[in-house]
Amino acid sequence: QVQLVESGGGLVQAGGSLRLSCAASGLSFSNYRMGWFRQAPGKEREFVATINSISTSTYYVDSVKGRFTISRDNAKNTVYLQMNSLKPEDTAVYYCATRRPVGVQRVDVHYDYWGQGTQVTVSS
């Protein structure tokens with residue numbers, strides 16, 4: 001069975017940094033697009049970032065561009081989200097997810113498997 005396990009969340013001061021990790025098992029990791037999403041209390045789940053299977057293309061929501069970097073290590077079956085210059089509005093539960101190849105242009109939809117989430121709290 002596919003399993004995604006996020007780690008690296010925690011409490012950080014505004015302006016600080018965190019690196020989230022997501023370890024995948026039960027799938028051919030190198031064949032899948034990977035994404036990061038987040039959800040704050042009372043809000044809908046929001047797309048944050050995605051990376052294609054061979055690390056040649058990335059996309060970010062506007063609010064994190066220039067601050068967050070998504071990357072992956074296919075040899076380790078792991079995707080990362082480096083978060084710099086954190087703001088209180090980044091506070092949320094962060095989830096990683098996988099997407100098999102699909103014939104659509106949008107990269108923020110059609111993810112099939114999800115991790116349990118890791119809490120990121122940014123204090124002001």
Side-chain angles (χ1 to χ4, degrees):
Q1 186 63 38
V2 174
Q3 187 174 32
L4 305 174
V5 180
E6 301 99 331
S7 62
L11 175 64
V12 65
Q13 295 275 356
S17 297
L18 286 172
R19 189 179 76 157
L20 306 183
S21 299
C22 174
S25 61
L27 78 168
S28 297
F29 180 81
S30 62
N31 292 333
Y32 287 81
R33 172 177 293 276
M34 300 295 297
W36 286 97
F37 296 75
R38 65 188 182 186
Q39 188 167 25
K43 295 187 178 296
E44 295 287 286
R45 185 175 60 203
E46 176 190 30
F47 167 78
V48 176
T50 188
I51 186 167
N52 70 348
S53 61
I54 57 174
S55 299
T56 57
S57 180
T58 59
Y59 297 91
Y60 302 89
V61 67
D62 285 347
S63 61
V64 309
K65 287 180 180 177
R67 300 189 298 120
F68 291 11
T69 303
I70 188 171
S71 62
R72 68 192 293 160
D73 186 340
N74 286 352
K76 296 181 178 179
N77 288 356
T78 302
V79 63
Y80 305 94
L81 186 68
Q82 178 67 48
M83 305 185 295
N84 298 326
S85 302
L86 282 161
K87 304 174 180 180
E89 50 262 47
D90 296 318
T91 295
V93 177
Y94 284 71
Y95 300 89
C96 68
T98 70
R99 190 178 87 169
R100 69 186 65 193
V102 294
V104 298
Q105 293 278 49
R106 289 181 63 174
V107 296
D108 60 336
V109 294
H110 304 310
Y111 289 80
D112 300 305
Y113 297 99
W114 299 80
Q116 85 289 345
T118 186
Q119 177 71 49
V120 172
T121 303
V122 184
S123 62
S124 60

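These numbers come from a predicted model, not from an experiment. Count residues from 1 along the sequence.
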Exercise for review: Report the C-alpha distance between V104 and H110 in whole Å, list the side-chain angles of each, state the deciding distance to 0.1 Å, and finish with yes or no for side-chain contact (heavy atoms from CB on, under 4.5 Å).
Suggested key: CA-CA 9 Å; V104 298; H110 304 310; 3.7 Å; yes
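- Within the 4.5 Å cutoff, side-chain heavy atoms of Y60 are placed close to those of T69.
- Counting only heavy atoms from C-beta outward, the side chains of M83 and D90 never approach each other to under 4.5 Å.
- No donor-acceptor pair under 3.5 Å is formed between the side chain of R100 and the backbone N or O of N31.
- Distance check, rounded to the nearest 0.5 Å: OG of S63 to CD of E89 gives 8.5 Å.
- To the nearest 0.5 Å, the span separating CZ on R67 from OG on S85 amounts to 7.0 Å.
- Here the straight-line distance linking atom CG of N74 with atom OH of Y32 works out to 13.0 Å at 0.5 Å rounding.
- Across all their heavy atoms, L4 and C22 have their closest contact at CB-SG, 3.9 Å.
- Looking at T121, its side chain never comes within 3.5 Å of a backbone N or O of L11 through a donor-acceptor pair.
- Using a 4.5 Å heavy-atom threshold, the side chains of Q116 and V5 count as touching.
- Residues K65 and D62 are paired through a salt bridge, judged by an N-O separation under 4.0 Å between the basic side chain and the carboxylate.
- Here the OH-CD distance, from Y113 to Q1, works out to 5.5 Å after rounding to the nearest 0.5 Å.
- Side chains of S71 and Q82 form no contact here, defined as non-hydrogen atoms less than 4.5 Å apart.
- Of the inter-residue distances, the one linking L86 atom CG with F68 atom CZ reads 5.0 Å to the nearest 0.5 angstrom.
- In summary, the side chains of R38 and Y94 do present a donor paired with an acceptor at a separation below 3.5 Å, with no hydrogens or angles considered.
- By the 4.0 Å N-to-carboxylate-O rule, D112 lies too far from R99 to be salt-bridged with it.
- Side-chain contact of S57 with N52: a donor-acceptor pair under 3.5 Å is absent, judged by distance alone.
- Here the options are L20, T58, V64, the test is side-chain contact (heavy atoms from CB on, under 4.5 Å), and the partner is I70; only T58 passes.
- Smallest separation of non-hydrogen atoms from E6 and C96: OE2-N, 2.8 Å.
- At least one side-chain heavy atom of T91 sits under 4.5 Å from a side-chain heavy atom of Q119.
- In this structure, P88 and A14 approach most closely via the heavy-atom pair CD-CB, 4.2 Å.
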Check your understanding: Yes or no on ring-ring contact (aromatic ring centres under 6.0 Å, His included) for F37 and F47, after CA distance, side-chain angles and deciding distance?
Key -> CA-CA 5 Å; F37 296 75; F47 167 78; 5.7 Å; yes
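- Note that CG of L81 and CG of L18 are 9.5 Å apart. Values are rounded to the nearest 0.5 Å.
- The shortest distance between side-chain heavy atoms of V93 and T118 does not fall below 4.5 Å.
- Within the 4.5 Å cutoff, no side-chain heavy atoms of S53 are placed close to those of S30.
- Checking E44 against Q39 by side-chain atom types alone, no donor-acceptor pair falls below 3.5 Å.
- Y59 and Y80 are not part of a single hydrophobic cluster, where members link through side-chain heavy atoms under 4.5 Å apart.
- Put simply, W36 and V2 are part of the same group of oily side chains (I, L, V, M, F, W, Y) that touch within less than 4.5 Å, one to the next.
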Exercise for review: Evaluate the side-chain contact (heavy atoms from CB on, under 4.5 Å) criterion for residues F29 and M34: first the C-alpha distance (whole Å), next the side-chain angles of each, then the deciding distance (0.1 Å), finally the verdict.
Suggested key: CA-CA 9 Å; F29 180 81; M34 300 295 297; 3.7 Å; yes
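- A side-chain donor from one of T50 and R33 sits under 3.5 Å from a side-chain acceptor of the other.
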